[in-house]
Amino acid sequence: MAQITLIEAVTQALAYEMAHDDSVVVLGEDVGVNGGVFRATQGLQEKFGELRVLDTPLDETTIAGLTVGLAVQGMKPVAEAQFEGFIYPMMEQIACHAARLRHRTRGRMTVPAVWRAPWGGGIRAPEHHSEANEHLFTNIPGLRVVLPSSPARAYGLLLAAIRDPDPVMFFEPKRIYRQYKEEVPDDGEALPLDVCFVLRDGTDVTLVTWGAQVKEALEAADALAEEGISAEVIDVATLTPLDFDTIAESVTKTGRCVIVHEAPRTAGFGAEIAARLMEECFYDLLAPVQRVTGYDTHIPLFRLEMKYLPSVERIVDAAKRTLAVS
Amino acid sequence: MSIAAKFEIEYLQYLDKDGKEVRKDLPAFAKDLDQMVELYKLMVSTRVFDAKSVALQRTGKLGTYASCLGHEAAHVGIGSAMKREDSLAVSYREYGAQLYRGVQPREVYMYWGGDERGNDFAKAPKHDFAWCVPIGTQCLHAAGSALAFKIRNEKRVAVCTIGDGGSSKGDFYGAINVAGAQKLPLVAVIVNNQWAISVPRKIQSGAETLAQKAIAAGLPTIQVDGNDIIAVRKAMEDALDRARNGEGASVIEAVTYRLGDHTTADDARRYRGEDEVKEAWTKDPVPRLRKWLEAKGAWDETKEKAWLAECDDWMDKEVDAYLQTKTQPVEAMFDYLYAELPADLVAQRQQAIDLDRKSHG
Ligand SMILES: Cc1ncc(C[n+]2csc(CCOP(=O)(O)OP(=O)(O)O)c2C)c(N)n1
Ligand SMILES: [Mg+2]
């Protein structure tokens, strides 16, 4: 079986589902002949034709609104925003319609659609190509927000997102699109959208993260292990609706938690997890919950961007701060 | 049959692809050969600048860069028709217009080199907008600028440029629509280079011309040969005059061709044929004007060589200045968010500084 990257896993999932479900369509800018600017939709137009893999006019409002219309009529659209920084014009269609049509019509109309977008910084890209803004969507009721962090999870979660009867935001950490390859059987097996993934067991501190930061969190766990500190690493993967139980179980065991994300700190999704820990796990905490996040600034252009993104060093420091409290 | 409305779209061209005049009524500015030589020189220096930028990117000294190869007549035509007090809102590749207005190559390099300071124009007008990557959004900034000029009774015009792809965006329609309703001093130029990354012009709209989108907004409009600087400049002058005289906004569609890749991160061979590109090169705006100037006796090989040498010197100086610019300190992330650093950010800013010092030993 071939080893594939995260981006190839996205393509593999799209191709699988399009082959097995005629109602699945892909639409966006440059998704056709060009196969997407990151090649996520490579080869799909050749296989499935120009209407099922539609190059749209350059207008995100058009893409998002078409997606709602397609979904209501029983299609399963997978829309692409070329970068997360260009998703804002889609916001109205997503927040006002996709996320609330089921609610508005008491279940008569539903929006089984997926919005994909390459997400996050760290690839020396131009302005607006490096945003992490998942928190703008986690605050919208009626949406699922998913962020895979490995080829296998990208494949399984994207299949689940397409099959889900409700709208799903699927943010792809572009920094790790081609970070490594792994075997991902093309068996059409979806992964659940309602669980966090425990990637590494530990007993002293829980590192909670998602997206590209999973890489730094795992490296931090390695570094901590060298100093005799045992860190558990959780990839949240589906931010909303949240599987808080997995996080609570881990933190109840370790008593310490560091939340890592690259979006700005204030009102980032880490704040939600920290608040839940305060509400539900207060008596099991041995130290204040720590956050390692992007600063409350715009992600800088690339000369400074690595100084903005959470580093292994910052995660290790934060973990040690939780351990310094006795 | 009764007819509710009728329209036709004028097409304007003075020089054909070989630099031959296709009409005799040359506009006044085109009779001033010294001025035409200046325009030609800027088209050439823009091209030299552009090649330098691509070379910088290829050697790792620049991030992704959007080339303007082939757009020189359109861009210089737009920039040179404007007055300094007018305001320009570009997308990202209109360097020919911007260099005319005083943007320095080193500033372009900085922006694409990952340094925000490139947007802090030292010599270009402070009221010109920064590069605008979110497609189309700048059109409404120009409309808002035009509204400000109108409210304050200033004889100034706001100009925006937008791509063929960008003309699909609601922001573009919104801008020309309000400009028509309020008679705003706005000139919206669609630089139709046939491609929006890999998406061809015909996918953007079923309309025969993009210029005719202006009809729905109630605006005068024209399609021009965007590789003929005389046509671009003439259409710009007419539109700017109307706007300055209180007659409202206009749309211009400048038809050109993107001779290069979309950006250095793109490979256009994936989606367009060699033949089309070869054919487009025969309409190259630079040799076209050169031939015309040479036929008038205003330019020759010696002058060309001398000017190219001057351009090389200029760009070498600009590249040096760029390469010698030190990266901003880490706290620069925080220092331009608000007029004053809010108290709540002081600690984060200090943390960033401390971490940076620590990691540099
Ligand atoms: C809102 C938005 N969506 C998508 C993009 C990505 N993108 C950058 S340039 C481009 C194509 C633009 O084509 P066009 O408007 O014709 O201008 P050109 O690049 O040809 O000058 C796209 C889709 C973007 N920058 N902004
Ligand atoms: Mg274009």
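A note on names: the letters A, B, ... follow the listed sequences, proteins ahead of strands, and every chain is numbered from 1.
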- Check whether B/Y111 gets within reach of chain A through its side chain, its backbone, both or neither, counting any heavy atom under 4.5 Å. both
- Under the criterion side-chain contact (heavy atoms from CB on, under 4.5 Å), which of B/L355, B/V330, B/T327 is the partner of A/K307? B/V330
- Query: Is a side-chain N or O of B/Q204 found less than 3.5 angstrom from the main chain of A/L58, in a donor-acceptor match?
  - Reply: yes
- For A/Q179, does the CD atom sit with more than 12 other heavy atoms under 6.0 Å from it, leaving out its own atoms? yes
- Query: So B/E331 and A/T297, side-chain contact (heavy atoms from CB on, under 4.5 Å) or not? Walk me through it.
  - Reply: CA-CA 10 Å; B/E331 62 269 27; A/T297 74; over 6 Å; no
- Item | Smallest separation among heavy atoms of B/G60 and A/R124, with atom names | O-NH2, 4.3 Å
- So NE2 of A/H128 and OG1 of B/T137: to nearest 0.5 Å the spacing works out to 7.0 Å
- Proximal component of A/S311, with respect to chain B [non-hydrogen, under 4.5 Å]: neither
- Item | Verdict with reasoning, B/Q328 to A/L304, per side-chain contact (heavy atoms from CB on, under 4.5 Å) | CA-CA 8 Å; B/Q328 299 176 95; A/L304 291 179; 4.2 Å; yes
- Query: Which answer fits A/Y295, side chain, backbone, both or neither, if we ask what part of it has an atom under 4.5 Å from a heavy atom of chain B?
  - Reply: both
- Query: B/V199 and A/T56: which non-hydrogen atoms are nearest, and at how many Å?
  - Reply: CG1-O, 4.3 Å
- Query: Heavy-atom distance under 4.5 Å to chain B: side chain of A/F83, backbone, both or neither?
  - Reply: neither
- Task: Just do the side-chain contact (heavy atoms from CB on, under 4.5 Å) check on B/M333 and A/H298 with the steps written out, would you?
- Result: CA-CA 7 Å; B/M333 276 186 233; A/H298 303 292; over 6 Å; no
- Message: Quick check: do A/L301 and B/D115 have side-chain heavy atoms less than 4.5 Å from each other?
- Response: no
- Which atoms of B/I203 approach chain A - backbone, side chain, both or neither, heavy atom under 4.5 Å: both
- Item | Step-by-step side-chain contact (heavy atoms from CB on, under 4.5 Å) determination, A/H129 to B/V133 | CA-CA 9 Å; A/H129 291 67; B/V133 170; 3.6 Å; yes
- Please flag which part of A/E305 lies under 4.5 Å from any non-hydrogen atom of chain B: side chain, backbone, both or neither. neither
- Hey, are A/R303 and B/E116 close enough for a salt bridge, meaning a charged N less than 4.0 Å from a carboxylate O? no
- Message: Regarding A/D296 and B/R349, does a basic nitrogen lie under 4.0 Å from an acidic carboxylate oxygen?
- Response: no
- Spell out, as yes or no, whether a donor-acceptor pair under 3.5 Å connects the side chain of A/D30 to the backbone of B/S198. yes
- Task: May I ask you to check whether over 12 heavy atoms, not counting those of B/E276, lie within 6.0 Å of atom CD?
- Result: yes
- Message: Given heavy-atom pairs under 4.5 angstrom as the criterion, report whether the side chain, backbone, both or neither of B/I135 touches chain A.
- Response: side chain
- Check whether more than 12 heavy atoms from other residues, nucleotides or ligands sit under 6.0 Å from atom CG of A/N139, and answer yes or no. no
- Consider only side-chain N and O atoms of B/S168 and A/D59, and report whether a donor and an acceptor are under 3.5 Å apart. no
- Heavy-atom pair count under 4.5 Å with chain A, highest-scoring of B/G166, B/S167, B/G113: B/G113
- Where on A/Q82 is there a heavy atom nearer than 4.5 Å to chain B: the side chain, the backbone, both, or neither? side chain
- Item | Within-4.5 Å side-chain heavy-atom neighbours: B/K358 and A/D317 | yes
- Message: Tell me if the CD atom of A/E50 is crowded by more than 12 foreign heavy atoms within 6.0 Å.
- Response: no
